[in-house]
Amino acid sequence: MLTDHLSSLATPTPYSAAIAHPFLAAAASLSLPASRLALYLYQDRIYAAQAYPRFIAQLISKIPLDDPNAADLATRTLTLLVGCLTNIVREVAFFDTIARKYDLPLDHGYWCERKATRNYTAEMARTGAMASLEDGLVFLWAMEKVYLDAWSAVHTALPKQFPSQTQADLTTKAIRDLAYNWSNANPDFVQFVQGIGDLVDDYFAPVMAAQSVVGRSASEALARAEAIWARVIELEAEFWPIEDEQDQFRVSK
């Protein structure tokens, strides 16, 4: 299966750089400052509220709904991508709830957009506009897979009991809620990521059997999928804020 193949690859940016970044290590050890967590959530909200819906809409426009020979796969793809849009609306509301509940500033005008965020959203826009549906689905799966693995590691490392009342403890509770939402502790998210992976594997079954696909040989299609996987890992590794960036990117002093 393509997803197993991609997961086994050594990439120019190591997978560990994306799923074991110092930001995540600080979250897991509960030493992450509230301001850096807020900076991250602000960037992720840009991704979720703006770039992700456009990307999914672009993929939907590529589904061959008029091809009777691909009707079943097209319907599965449409159902999954519509589900992505439903999920992301809920996700943006989740960001806002976390911000209010745990006193994390996500207001427009409080933070600047990081270059890594612009790079990520630009790559999503380029892929959505120029790539095939199959390649776009690889990109989608890669994003969600990295997120699942990253936050699963955080969730596993968190202590079982949490304090209460202080601002630091509010940040701890925010990390706990975020880690659950995007980790393998949340069966809904696991099923969501698995569903995307299953769809990708079905689209690429001919490629993995060394059969050519429309416009490309099997080797060309596989090489493109590998490049997408490597690029998403690179983007994810850069997306996590580093130490003291919360001061650099804060507008309101």
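Residues Asp177 and Tyr102 meet the side-chain proximity criterion, which asks for heavy atoms closer than 4.5 Å. Using a 4.5 Å cut-off on side-chain heavy atoms (C-beta onward), Cys112 and Arg250 make no contact. Side chains of Val138 and Val232 form no contact here, defined as non-hydrogen atoms less than 4.5 Å apart. Between Val190 and Leu148, some side-chain heavy-atom pair lies under the 4.5 Å cut-off. Leu137 has its side chain out of reach of Phe204: every pair of non-hydrogen atoms, C-beta onward, lies at least 4.5 Å apart. Between Arg36 and Glu243, some side-chain heavy-atom pair lies under the 4.5 Å cut-off. The side-chain heavy atoms of Phe94 and Leu178, taken from C-beta on, include a pair separated by under 4.5 Å. The side-chain heavy atoms of Cys84 and Tyr52, taken from C-beta on, include a pair separated by under 4.5 Å.
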Stepwise, does the ring pair (Phe, Tyr, Trp, His ring centres under 6.0 Å) test hold for Tyr147 with Phe189?
-> CA-CA 10 Å; Tyr147 228 60; Phe189 190 50; 7.2 Å; no
Please walk me through it: do Arg114 and Glu245 pass salt bridge (Lys or Arg N to Asp or Glu O under 4.0 Å)?
-> CA-CA 9 Å; Arg114 297 172 67 240; Glu245 274 194 334; 2.8 Å; yes
Where do Thr127 and Met130 land on the side-chain contact (heavy atoms from CB on, under 4.5 Å) test, with the steps shown first?
-> CA-CA 5 Å; Thr127 300; Met130 300 178 64; over 6 Å; no
Passes side-chain hydrogen bond (donor to acceptor under 3.5 Å, both in side chains), Asp149 versus Tyr15? Steps please.
-> CA-CA 10 Å; Asp149 288 350; Tyr15 195 59; 2.6 Å; yes
Can Leu104 and Leu170 be said to form a side-chain contact (heavy atoms from CB on, under 4.5 Å), step by step?
-> CA-CA 9 Å; Leu104 296 169; Leu170 288 177; over 6 Å; no
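When all heavy atoms of Arg216 and Ser132 are compared, the pair lying nearest together is NH2-OG, 3.6 Å. Between Ile98 and Leu41, the shortest heavy-atom distance links the atoms CG2-CD1, 4.1 Å. Of all heavy-atom pairs between Phe55 and Gly136, the closest is CZ-O, 3.5 Å. Here the closest heavy-atom approach between residue Ala28 and residue Ala157 is recorded as CB-CB, 3.7 Å. Thr171 and Ala34 make their closest contact through OG1-CB, 3.2 Å (heavy atoms, listed as atom of the first residue, atom of the second, distance). The two residues Leu39 and Pro241 have their closest heavy-atom pair at CD2-CB, 4.0 Å.
Interatomic distance, CD of Glu134 versus CG of Leu2, reported as 11.5 Å (0.5 Å rounding). In this structure, OG1 in Thr3 is found 3.5 Å from CG in Asp201, a value given to the nearest 0.5 Å. In this structure, Arg90 CZ and Asp188 CG are separated by 7.5 Å, a value rounded to the nearest 0.5 Å. The CG atom of Leu140 sits 8.5 Å away from atom CE of Met124, with the distance rounded to the nearest 0.5 Å. Atoms CG and OG1, on Asn119 and Thr121 in that order, are 8.0 Å from each other to the nearest 0.5 Å. The distance from the CD1 atom of Ile19 to the CD1 atom of Ile233 is 9.0 Å, given to the nearest 0.5 Å.
Taking the six-membered ring where the residue is Trp, Trp182 and Tyr40 present perpendicular rings, their angle passing 60° and hence far from 30°. Ring geometry, Phe139 versus Tyr120: the interplanar angle exceeds 60°, so the pair is classed perpendicular (tilted spans 30 to 60°).
Donor-acceptor pairing under 3.5 Å is recorded for the side chains of Tyr203 and Thr77. No hydrogens or angles considered: nothing links the side chains of Thr11 and Thr13 as a donor-acceptor pair under 3.5 Å. Residues Glu91 and Asn87 have side chains that never bring a donor and an acceptor to within less than 3.5 angstrom of each other. Checked by atom type, the side-chain pair Glu236/His21 shows no donor-acceptor distance below 3.5 Å.
In this structure a side-chain-to-backbone donor-acceptor pair under 3.5 Å is present from Lys62 to Gly128. Between the side chain of Lys101 and the backbone N or O of Asp96 there is no donor-acceptor pair closer than 3.5 Å. No donor-acceptor distance shorter than 3.5 angstrom exists from the side chain of Asn184 to the backbone of Ser152, with no hydrogens or angles considered. Of the possible donor and acceptor atoms, one in the side chain of Arg118 sits under 3.5 Å from a partner among the backbone N and O of Glu113. The backbone N or O of Ala27 sits nowhere less than 3.5 Å from a side-chain atom of Ser31 that would complete a donor-acceptor pair. With hydrogens and angles ignored, the 3.5 Å screen pairs no side-chain donor or acceptor of Thr156 with any backbone N or O of Ala153. For Gln50 (side chain) and Tyr47 (main-chain N/O), no donor-acceptor pair under 3.5 Å exists by modelled atom type. Trp151 places no side-chain N or O within 3.5 Å of a backbone atom of Leu24 that could act as its donor or acceptor partner. Formation of a donor-acceptor pair under 3.5 Å by the Trp111 side chain with backbone atoms of Gln43 is not found in this model. Judged purely by atom type and a 3.5 angstrom limit, Trp141 has no side-chain atom pairing as donor or acceptor with the backbone of Ile196.
For Arg76 and Asp202, the salt-bridge test passes: some basic side-chain N is under 4.0 Å from an acidic carboxylate O.
Note on Ile60 and Leu73: same hydrophobic cluster, where clusters join Ile, Leu, Val, Met, Phe, Trp and Tyr whose side-chain heavy atoms are under 4.5 Å apart, directly or indirectly. Leu80 and Leu65 fall within a single hydrophobic cluster, where Ile, Leu, Val, Met, Phe, Trp and Tyr side chains are chained together by heavy-atom contacts under 4.5 Å. A continuous path of ILVMFWY side-chain contacts below 4.5 Å connects Leu106 to Tyr110, so both sit in one hydrophobic cluster. Placement of Val82 and Leu59 within a single hydrophobic cluster is found when ILVMFWY residues are connected by side-chain heavy-atom separations under 4.5 Å, directly or transitively. Hydrophobic clustering (side-chain heavy atoms under 4.5 Å, transitive across Ile, Leu, Val, Met, Phe, Trp, Tyr) keeps Leu37 apart from Val92.
Residue Asp72 places its CG atom among 12 or fewer non-hydrogen atoms of other residues, nucleotides or ligands, all under 6.0 Å distant.
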